[in-house]
A.B. asks: 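Dropping the structure in here first, questions after.
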Amino acid sequence: MIDRNDPYFWADLLDTILKGAGETFYTVGVSLLLTVLFGLAAGVLLVTTEAHGLLARPFGSRALGVVVNRVLDVVVNIGRSIPFIILMILLIPFTRLLVGSFIGPTAAIVPLAIAGIPFFARLVEIGIREVPKGLIEAAQSLGATRWTILTKVLVAEAVPALALGLSTTVVGLIGYSAMVGAVGGGGLGDVAFRYGYQRYSPEYMFAVVILLILLVQLFQSLGNFAARRLSHR
Amino acid sequence: MISVSRVVKSYGSGTAQVRALDDVTMTVKKGEIFGVVGQSGAGKSTLIRTINSLEQPDSGTVHVGGRDMTKLAGRDLRQARHDIGMIFQHFNLLSGRTVRANVELSLEITGAGRAQRRSRALEILELVDLHGKADAYPAQLSGGQKQRVGIARALASSPSVLLSDEATSALDPDTTRQILDLIRQLSKDLGLTVLLITHEMDVVKRICDSAAVMSQGRILEQGSVEKLLTTEKSLLGQALFPLGDIPPTSNAVVEITFTGVATDRPVIAQLARQHGIDVGILGAAVETIHGRQTGRTRLELPGDERAVSGAVADLRSQGLYVEVIK
Ligand SMILES: Nc1ncnc2c1ncn2[C@@H]1O[C@H](COP(=O)(O)OP(=O)(O)O)[C@@H](O)[C@H]1O
Ligand SMILES: [Mg+2]
């Protein structure tokens, strides 16, 4: 139990919380980057490799399109169906192989990204699917390449939906990061677990909880705001 | 300019197979406005989409300006499409781009530089009378304005052919007229060849030089509008001048088609005077086709066969188109 009457109690608390928050930002930030990169690609491919999709025949081969589509679908479904706490444990050997350890903020990136990618991919898929087919045809009639259609039509028109998906994903990742933190991934989850739970300090626990609530609010509002500003429908 | 030859296109297979295009042959001359009319499901969209190869026919050829579109792929196909603009029923504008940026997309695709894109976009927006809306988003525009953007986007790369897939079908009658007049004007000013498809007769009446009537994947008749109107049993003629069913009568029934000056001639009075026939009027319809008053009157001609055939011959000798119905 921490001594609340220690003159340095609040300064220590602030220090610890800030350090935890910094680690959380780092972990969530990097895993978010990976999530956006791979999730966007996976989401776009999920829609476009369907029959009659823009990439139904990558390199002229429908078979390849089918394989990419099926494999992605299965992988994303698996990723989405494993509870995060189990995924985290399952990934320990892989994480160790990749980062050398499964403890610490950098190691925490691995399970976070792997949980985030399929989550975001489904949201991207929904957003891309909502882009009217007619827009693709219009661009084709202008002589656009598939890449142009992908970037300037499909992704560009889905941007408001993607912004909402992004904020939902950030919120999810913050939640997961607390879970990884509790088992050695550092960050706010680690603070809550070690100080709040193991050394029973309600102040630490509350501080973490309030900070998490604020972060979630912030990112969700940011996403909503961005989606509204970016949508001209 | 556009020549479609023996094109067949089916969808589905087995018993569910639909022949959307069933041996279609069609020619659109340079600089003319050609309308394809037909009911929903006739195969019109499929036909127009084979012209810019959005749809590949099962067999047959499609030539546009000398290029066989069915043989093109990749870069060559994209290049050919720069020369064929297309507009759509639902406009298909990018909601996230301003009017100007929508037009510029066309120029981004053809690889024009930034400054050139900007000036060309503004120039073409001026041409469609939308210069004041360059920075608006499509959602802020009326249907007619959206279609003007569609037209500007289609024409930005200076194509020689414009394809229109029911471009006025989502618009009210007034706006439809404005858009049709704009297309006619642009076609004249830019020497555009226009192929448009529609289920509305009004469109053909207002702007088409030539037309084809389509049903169940087949072209039933085609030719210049004027010629079709003076062709026996022309479906286009019947559709443009709906005179209804022929009432039961033992007398001869004829239909006279008037164009231009002939409208003014006192034909009926003359028949009574010169041939002693007591003419009965069974129906009449007058339409403005291409800005010219054109009408069709269905007359009942009592009297013996000789009197009737004499009267018909007389009318024909005056340059009137007369069709003996019974
Ligand atoms: N992609 C498609 N798949 C299956 N059937 C189609 C497809 N496109 C059109 N068809 C069918 O082909 C026929 C002609 O359609 P369409 O060319 O759209 O007619 P229209 O434009 O005259 O209404 C219809 O029976 C339609 O159901
Ligand atoms: Mg159609």
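Just so it is clear, the model here is predicted, and its values are computed rather than measured. Atoms considered below: every heavy atom in the structure, side chains included; atoms not considered: hydrogens, waters and symmetry mates. Chain identifiers are assigned alphabetically (A, B, ...) following the order of the sequence lines, protein sequences preceding nucleic acid strands; residue numbering begins at 1 within each chain.
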A.B. asks: Below 4.5 Å from any heavy atom of chain A, which atoms of B:R153 appear? Answer side chain, backbone, both or neither.
C.D. replies: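 Contact with chain A involves both backbone and side-chain atoms of B:R153.
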
A.B. asks: I'd like to verify something: which residue of B:T110, B:N52, B:L93 has the highest number of heavy-atom pairs under 4.5 Å with chain A?
C.D. replies: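 It is B:L93.
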
A.B. asks: More than 12 foreign heavy atoms under 6.0 Å from CD of B:Q17: is that the case here?
C.D. replies: yes

A.B. asks: With a 4.5 angstrom heavy-atom cut-off, which part of B:I84 approaches chain A: side chain, backbone, both or neither?
C.D. replies: backbone

A.B. asks: In terms of heavy-atom contacts, does NZ of B:K133 have more than 12 from other residues, nucleotides or ligands at under 6.0 Å?
C.D. replies: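 Count not over threshold, so no.
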
A.B. asks: Can you tell me if B:R118 has over 12 outside heavy atoms packed within less than 6.0 Å of its CZ?
C.D. replies: no

A.B. asks: Do other residues, nucleotides or ligands put more than 12 heavy atoms under 6.0 Å from A:R57 CZ?
C.D. replies: no

A.B. asks: Please rank B:Q140, B:H90, B:H82, B:Q79 by heavy-atom pairs under 4.5 Å with chain A and give me the top one.
C.D. replies: B:H82

A.B. asks: Among B:R97, B:R75, B:Q89, B:R49, single out the residue with the greatest number of heavy-atom pairs under 4.5 Å to chain A.
C.D. replies: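 Winner by heavy-atom pair count: B:R49.
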
A.B. asks: What residues of residues 149-170 of chain A sit under 4.5 Å from chain B when you count only heavy atoms?
C.D. replies: A:K152, A:V153, A:E157

A.B. asks: Could you tell me whether A:F206 atom CZ has more than 12 heavy atoms of other residues or ligands within 6.0 Å of it?
C.D. replies: no

A.B. asks: Using a heavy-atom cutoff of under 4.5 Å, enumerate the residues of residues 224-233 of chain A that contact chain B, numbered in order, or state 'none'.
C.D. replies: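 Residues A:H232, A:R233 are the ones that qualify, each having a heavy atom under 4.5 Å from chain B.
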
A.B. asks: For B:L77, which atoms come within 4.5 Å of any heavy atom of chain A: side chain, backbone, both, or neither?
C.D. replies: neither

A.B. asks: Quick one: what part of B:S106 sits under 4.5 Å from any heavy atom of chain A, side chain, backbone, both or neither?
C.D. replies: both

A.B. asks: Quick check: under 4.5 Å, non-hydrogen atoms only, which of residues 59-90 of chain A neighbour chain B?
C.D. replies: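 None at all.
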
A.B. asks: How would you list, in number order, the residues of residues 132-143 of chain A that have a heavy atom less than 4.5 Å from chain B?
C.D. replies: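 Residues of residues 132-143 of chain A touching chain B at under 4.5 Å: A:G134, A:L135, A:E137, A:A138, A:A139, A:Q140, A:S141, A:L142, A:G143.
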
